[in-house]
Novice: 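Have a look at this one.
Heavy-atom basis, side chains included; hydrogens, waters and symmetry copies ignored. Everything quoted here is computed from the prediction, not taken from an experiment.
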Amino acid sequence: MVSRGLFGWSPPHVQPLTPVSETSEPPESPSPYAADFGSGDGGAPPGPDDDPGLDDADDDGPEPPPAAVPFKRLFACADRLDWALMAAGAVAAAAHGVALVVYLHLFGKAINTLHGRHSHQLFDNIKQHALYFLYIAIGVFFAGWIEVSCWILTGERQTAVIRSKYVQVLLNQDMSFFDTYGNNGDIVSQVLSDVLLIQSALSEKVGNYIHNMATFFGGLVIGLVNCWQIALLTLATGPFIVAAGGISNIFLHRLAENIQDAYGEAASIAEQAILYIRTLYSFTNETLAKYSYATSLQATLRYGILISLVQGLGLGFTYGLAICSCALQLWVGRFLISHGRANGGEIVVSLFAIILSGLGLNQAATNFYSFEQGRIAAYRLYEMISRSTSTVNQDGRTLSSVQGNIEFRNVYFSYLSRPEIPILSGFYLTVPARKTVALVGRNGSGKSSIIPLMERFYDPTLGEVLLDGENIKNLKLEWLRSQIGLVTQEPALLSLSIRENIAYGRSATTDQIEEAAKTAHAHTFISSLEKGYETQVGRAGLSLTEEQKIKLSIARAVLSNPSILLLDEVTGALDFEAEKAVQEALDVLMLGRSTIIIARRLSLIRNADYIAVMEEGQLVEMGTHEELLNLDGLYAELLKCEEAAKLPKRTPMRNYKEPSSFQIERDSSASHSFQESSSPIMSKSPSLQKTHGFLAFRNSDANRSRESPNIQSPPSEQMAEIRLPMVASERAPSIKRQDSFELKLPDLPKIDVPLHRQSSNTSDPESPISPLLISDPKNERSHSKTFSRTLDMFDNFHADVSKKHQTKTPSFWKLAELSLTEYFYALLGSAGAACFGSFNPLLAYTISLIVVAYYRIGVRDVHDEVNKYCLFIVGMGIITVLANFLQHFYFGIMGEKMTERVRRMMFSAILRNEVGWFDDEENSADILSMRLANDATFVRAAFSNRLSIFIQDTSAIFVALLLGMLLEWRVALVALATLPILVISAVAQKMWLSGFSRGIQEMHRKASLVLEDAVRNIYTVVAFCAGNKIMELYRLQLGSILTKSFVHGMGIGFAFGFSQFLLFACNALLLWYTAVAVQDGHLTLVTALKEYIVFSFATFALVEPFGLAPYILKRRKSLTSVFEIIDRVPKIDPDDASGLKPPNVYGSIEFRSVDFCYPTRPEMMVLSNFSLKVNGGQTIAVVGVSGSGKSTIISLIERFYDPTAGQVLLDGRDLKLFNVRWLRSHMGLVPQDPVIFSTTIRENIIYARHNATESEMKEAARIANAHHFISSLPHGYDTHVGMRGVDLTPGQKQRIAIARVVLKNAPIVLLDEASSAIESESSRVVQEALDTLIMGNKTTILIAHRAAMMKHVDNIVVLNGGKIVEQGTHDSLVQMNGLYIKLMQPHFTKGFRQRRLI
């Protein structure tokens, strides 16, 4: 059974960070009326910007509408300058909106001049009107410029205030707020997406609304002034036209929300997959992720197609009714003319003024959706901004001097996010001034909650915490925290310089900072860096080792010169050398300060003044080390556990020698720690704000060695042998399924993955080894015969695909290829678009015929002629409905399928890349998630939407030119000559628009990095009162964005105004030339009128789509990036079918003269001429100082990276010869900090093998010593673990990860520093689980810091600087008395040493 939960689960309020509605809304088509085009910005039904990341999904059902603020509160953050800008913008928008109506009025006058005048007088009159048009053009230029500039600038200014207020409040929240909301990135993404909604609503949408309302009222006035009868009749038909548009908008609004929610699920699947890419790869679960993602995209596809349907019908009926209404007015007009109530010009002007007015109203109405979304988003943000920061007691007392007496008196406490679980129950503790108290206890005893209570991140439910006899609730919070120094296991670095990271919001001189660094033993390593204290660290800068980070963290505490020190298992994950250096720094820091140490390793705290032992939230023992040992209570028991775990002893040789053990089924394990964080970027997803235990071992590995030979890897050995039959890998069906779905996914049903796998062969019931730890090689071969052929076929398909791919700017034809399967839809859509486009000049021509007929009143057949043309227009109206439906529905289907296909292709391509690719900042999880959400929609915009508009306009221009040529070629040529000018103006506008907006979005994203850092490290930020520093940084970023947006606004405004100017100016030129042609006798008045009307219409038709150009053509870079991802040929290709898949794995591994450096840091050699041999079934331990390259060894065996030079061999063959997925499927990885997916425990375990039976899963949990604790939970195996498993202790996570590997049952087991950061009690349980795991005749490579891990080891390898410096058994290395003894010294207990001497 495939669990959707695994990648598919997302809490109801997690939304993608980026707008998705672009997926579903192609821009509105040009109207057939000149009237329609004045609205300038062509506000389509909810357009691309209307709907970014709405979080309305907070409600469970559709019952209550989401709360929203009153409209005027959107402007709550406007100051005087903003009001001035908005006033100027409003006046300009109104002037711009009225311009078209005024133009129409003058157009009527121009038509009227054609009636019965002398040619000379006529010529002057027309020239005069042409000049009027030029004046309008100049007015429009300035109005457009001011309108756009003012609204863009004021929008950016006001939202900057909202952003900084939100961040200010966010950083002052209680910790319980972050526990409840802070784990899913909503906090950071909400400020981005909601602010974009507000910005859209209060800037361009308000301007657009005023612009369109001005058109509405202006049209009404002009219509009534010219001919009130026609105006009233048109108004009577108006509501029908408006209703058609309004109804479709209501549906579009609903569907846009649905599509948002539908994509939310797919987005969370993609983000988890990319974030935990190493885990995914090590268990070859790419197929599951792709399948889950593809399945959840189906809902988005369905909603998208519905949107196309609604849009096609909505626009069709709007335009159809408008055209029919037009026919009605013209038919009535002939009666008014025959009775002398009006002339032809007035009737045409009145008709179009009212139509324009109606369309203005309709366009204005489309903004209501944005206003609504802006109001809802504002409610969410303002609610947060007005949120009380309850614990901030700024008016509390401060003590004149701090002695440092701390007392916990009868404290009861439970976390607000889990109130049912008591953490402390009647806890008493006294810490005398300037003494050190170490807290110890089993996992879950409540010791970790002491620090947050002392820092007042939380207040106790009952009882009190006293400092020098004063309840800390009465003390000023900021003062209290300034008296406390906090050093944690996960040092929080901001993306700033080392100097700023040490100062962390405090003002300190350079000398003070350097002095603090010296005290913390950090000055030496900082000085050795090229830029010293100015070196940038954090996600955007240099990666530091754990030891270096902790030293910076200590320097930060030294600088604050605290009276009280809180240490949270600082050295837990360091090797001995690093631990010694850090411990020395801590000893200096602890002098003369009251210190509380939370300890998980008892050996580190023997020298503490007092040791307090906790159990179930209560203090059970307290005293010195000797006193507690004499008491022989819980402390003595914990110490015995720890020492028992440390005693290295050989176990008897294993008797179970199967020729090969293999993975029973597809894979899974939680390989995160050293790998997941290998690049600081990997921990970057906004959905994971508190990054527990992200230890960048990979970075530290690289830090010590300095050699950098550029040796090319020698060619791998050529093996002349027949390709072996493929391994039984019961994974075969999974590969087959993955590839077949890539071939024909559009019809993918929402079903569980079919599984045809056999479960493992059960072993002898008497055998002490679980059936999960052994396997039957015969079984393997039988499977391989079944599946090998199908697989090869699909694998070849993939190999061919990857060869074809090459990165270059995608051509139109490349986009067309993506849509070839929908060519039939494209044909139908194109027919609709061409038909609708050609109606524009045809309608204009028919109207010109009617106007000419009006002026021939008195002729007998005028009535018949007008009747005939009016019927012709009605026919056009009816066909328009069909044409619009065809165009929008079929291009919509094509676009949706294309978006879905591109997303799938991108996701598949992303999951094909080698791990080194993800180390690049450009390819971090959140950036790739955003690209998946956004960029596919740009591909669709660039192709299907562009094609739709292109065909529509081409047909309009073609028919217009054809009519023009037939009437009089000279005027047609002048009209044709103006086309390039109009196109250039539109393209220039497009370039300005796309260039600037991209830069500003990018800057906002960078600004949000600071915010994400702060939220992720909120404990440290709050403890050091660094909130103000974060605010200052964020405001600084916003300031530079504001400056840029000013230039941006002016640029866009200028381009927009200029394109509008050219539009009217070209029209004036055309009118003037028509007059010249009549003057010269080249054409008659009647023909002149026809030509002019046809080309006026066509001009507007042409330029209108370029108003949409910023949307249709924006982000060419995104388009290129899509194909860069899809076409990239990975350096390590998991789809390469030519790799070997031998039937058996004996498990001998050899490193032969390997050199290696990480691709992101080529200057640092991690391994240098490294050679190591591990025989099949052997267990080897690798020890060494931080940065010596231990974790790198596992990365190379898993083939996350290839060596720079040399070879890594498995069973005598270069790893490069094997199929990558096959190789990884034969390795089980237990990392130190396992990845726990946000789903149930059951799904976390069966991630290794989705068809595992209940009994197999429980057996795996038993072997991993996890069954007992899982069964004790209220929901057992169906217990949901929170984001990244925050509800589990480290020991429990570790055991779940071990259970996964047990279930996977791979012949090679890789353990990375497992159990080094776990409490003694848990460590013992985990240790037993690991011992059991490596009993089953598996090749095991173990990276360890502690003697406890040496129990079952055949050989120990000691690394330093990427080379092996010592090698041998434990005893031989002890006698050698070299680096091994130094590294392991703290773990050789007194008792052990005595035994060894005897």
Novice: Does one side chain, of Asn474 or Glu470, offer a donor that lies under 3.5 Å from an acceptor on the other?
Specialist: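 Yes, a side-chain donor-acceptor pair sits under 3.5 Å.
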Novice: Does Thr436 offer a backbone N or O that forms a donor-acceptor pair with the side chain of Asp609 under 3.5 Å?
Specialist: yes
Novice: Atom CG in Leu480, atom NZ in Lys473: separation rounded to 0.5 Å?
Specialist: 13.0 Å
Novice: Is the backbone N or O of Thr519 less than 3.5 Å from a side-chain atom of His521, with the two atoms forming a donor-acceptor pair by type?
Specialist: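 Checking the backbone N and O of Thr519 against the side chain of His521, a donor-acceptor pair under 3.5 Å is found.
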Novice: Indicate yes or no for a side-chain donor-acceptor contact from Gln618 to the backbone of Ser425 under 3.5 Å, with no hydrogens or angles considered.
Specialist: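 It does hold such a pair.
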Novice: Determine, step by step, whether Leu462 and Asn410 satisfy the side chain to side chain contact (heavy atoms under 4.5 Å, CB included) criterion, reporting the C-alpha distance in whole Å, the side-chain angles of both residues, the deciding distance to 0.1 Å, and the verdict.
Specialist: CA-CA 7 Å; Leu462 276 174; Asn410 193 24; over 6 Å; no
Novice: Does some side-chain heavy atom of Leu424 sit less than 4.5 Å from a side-chain heavy atom of Pro460?
Specialist: no
Novice: Using modelled atom types only, decide if a donor and an acceptor are shared between the side chain of Glu627 and the backbone of Thr624 within a distance under 3.5 Å.
Specialist: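 Here the side-chain-to-backbone pair exists.
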Novice: Roughly how far, to the nearest 0.5 Å, is the CD1 atom of Ile598 from the CD1 atom of Ile450?
Specialist: 6.5 Å
Novice: Between Lys640 and Asp632, does any side-chain N to carboxylate O distance fall below 4.0 Å?
Specialist: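 Result for this pair is yes, salt bridge flagged.
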Novice: If you compare all heavy atoms of Arg556 against all heavy atoms of Thr1020, which two are closest, and at what distance to 0.1 Å?
Specialist: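 So the minimum-distance heavy-atom pair works out to NH1-CG2, 3.3 Å.
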Novice: Could you grab the distance from atom OG of Ser553 to atom CG of Leu567, nearest 0.5 Å is fine?
Specialist: 9.5 Å
Novice: Just wondering, do Ile611 and Val437 contact through their side chains at under 4.5 Å, heavy atoms?
Specialist: no
Novice: Are the side chains of Ile1018 and Leu171 in contact, using a 4.5 Å heavy-atom criterion?
Specialist: yes
Novice: Any side-chain heavy atom of Gln1292 within less than 4.5 Å of one from Leu1273?
Specialist: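 No, every pair of side-chain atoms sits at 4.5 Å or beyond.
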Novice: More than 12 foreign heavy atoms under 6.0 Å from NZ of Lys518: is that the case here?
Specialist: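 Correct, the count exceeds 12.
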Novice: Determine the minimum heavy-atom distance between Ile1236 and Lys1293, stating which atoms define it.
Specialist: CG1-CG, 3.7 Å
Novice: Is the backbone of His523 close enough, under 3.5 Å, to the side chain of Ser527 for a donor and an acceptor to pair up by distance?
Specialist: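 Yes, Ser527 side chain to His523 backbone: donor-acceptor pair under 3.5 Å.
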Novice: For Arg499, is there an ion pair with Glu514 - N to carboxylate O distance below 4.0 angstrom?
Specialist: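 No.
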Novice: Could you tell me which non-hydrogen atom of Leu631 sits nearest to which non-hydrogen atom of Glu621, and how far apart they are?
Specialist: CD2-CG, 3.9 Å
Novice: One thing to verify: whether Glu615 and Arg442 come together as a salt bridge, which I'm taking to mean a side-chain N less than 4.0 angstrom from a carboxylate O.
Specialist: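 Looking at Arg442 and Glu615, the cut-off is met.
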Novice: For Gly469, does its backbone N or O pair with a side-chain atom of Glu407 as donor and acceptor, under 3.5 Å?
Specialist: no
Novice: Within the structure provided, determine whether Leu566 and Ile564 are in side-chain contact (heavy-atom separation under 4.5 Å).
Specialist: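 Yes. Closest side-chain heavy atoms under 4.5 Å.
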Novice: When rounded to the nearest 0.5 angstrom, what distance separates CD1 in Ile385 from CG in Leu170?
Specialist: 10.5 Å
Novice: Check whether any side-chain heavy atom of Met614 sits under 4.5 Å from a side-chain heavy atom of Val440, and report yes or no.
Specialist: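 No, side chains not in contact.
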Novice: Under the side chain to side chain contact (heavy atoms under 4.5 Å, CB included) test, which residues partner Ser563, sequence neighbours left out?
Specialist: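 Checked Ser563 against side chain to side chain contact (heavy atoms under 4.5 Å, CB included); matches are Val402, Gln483.
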Novice: Nearest 0.5 angstrom please: Glu455 CD to Phe1024 CZ, how far?
Specialist: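 Glu455 CD to Phe1024 CZ: 8.0 Å, rounded to 0.5 Å.
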Novice: Using atom types as modelled, flag every donor-acceptor pair under 3.5 Å from a side chain in residues 590-597 to any protein atom, sequence neighbours excluded.
Specialist:
{"from": "Arg593", "atom 1": "NE", "to": "Pro562", "atom 2": "O", "distance (Å)": "2.6"}
{"from": "Arg593", "atom 1": "NH1", "to": "Leu589", "atom 2": "O", "distance (Å)": "2.6"}
{"from": "Arg593", "atom 1": "NH2", "to": "Asn561", "atom 2": "OD1", "distance (Å)": "2.6"}
{"from": "Ser594", "atom 1": "OG", "to": "Gly404", "atom 2": "O", "distance (Å)": "2.6"}
{"from": "Ser594", "atom 1": "OG", "to": "Arg434", "atom 2": "N", "distance (Å)": "3.0"}
{"from": "Thr595", "atom 1": "OG1", "to": "Arg593", "atom 2": "O", "distance (Å)": "3.1"}

Novice: Closer than 3.5 angstrom, by distance alone: can the side chain of Asn471 be matched with the main-chain N or O of Glu464 as a donor-acceptor pair?
Specialist: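 No.
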Novice: For a quick check under 3.5 Å, do Asp468 and Gln403 share a side-chain donor-acceptor pair by atom type?
Specialist: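 No - no donor-acceptor pair under 3.5 Å links their side chains.
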Novice: Measure centre to centre between the rings of Phe408 and Tyr428, then say whether the value is under 6.0 Å.
Specialist: no
Novice: Can you label the angle between the Tyr458 ring and the Phe413 ring as parallel, tilted or perpendicular, going by 30° and 60°?
Specialist: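 Aromatic pair Tyr458/Phe413 classed tilted.
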Novice: Please report the closest heavy-atom contact between Arg397 and Trp479, naming both atoms and the distance.
Specialist: O-CE3, 4.5 Å
Novice: Heavy-atom distance under 4.5 Å between the side chains of Ile1270 and Thr1279, does that happen here?
Specialist: no
Novice: A side-chain contact here means heavy atoms from C-beta on lying under 4.5 Å apart; do Phe427 and Leu453 qualify?
Specialist: no
Novice: Keeping Arg1295 on the side-chain end and Asn1265 on the backbone end, is there a donor-acceptor pair under 3.5 Å?
Specialist: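 Present.
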Novice: Please determine whether side chain to side chain contact (heavy atoms under 4.5 Å, CB included) holds for the pair Ile526 and Thr524, giving the CA-CA distance in whole Å, both sets of side-chain angles, and the decisive distance to 0.1 Å.
Specialist: CA-CA 6 Å; Ile526 297 173; Thr524 319; over 6 Å; no
Novice: Going through the checks in order, is the side chain to side chain contact (heavy atoms under 4.5 Å, CB included) test met by Leu466 and Ile406?
Specialist: CA-CA 6 Å; Leu466 308 175; Ile406 300 167; over 6 Å; no
Novice: Have His625 and Tyr610 got a donor and an acceptor in their side chains that come within less than 3.5 Å?
Specialist: no
Novice: Where do Cys1025 and Arg481 come nearest, in terms of heavy atoms and distance?
Specialist: SG-CB, 3.8 Å
Novice: List the steps, then state whether side chain to side chain contact (heavy atoms under 4.5 Å, CB included) holds for Met1031 with Ser164.
Specialist: CA-CA 7 Å; Met1031 268 318 297; Ser164 58; 3.7 Å; yes
Novice: Do you know which of Ile484, Val1022, Ile472 makes side-chain contact (heavy atoms from CB on, under 4.5 Å) with Arg456?
Specialist: Ile472
Novice: Considering all heavy atoms of both residues, which atom of Tyr415 and which atom of Pro452 are nearest to each other, and what is their separation?
Specialist: OH-CG, 4.4 Å
Novice: Just how far is it from atom CD1 of Ile554 to atom CG of Leu486, taken to the nearest 0.5 Å?
Specialist: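 Output value for this atom pair is 11.5 Å.
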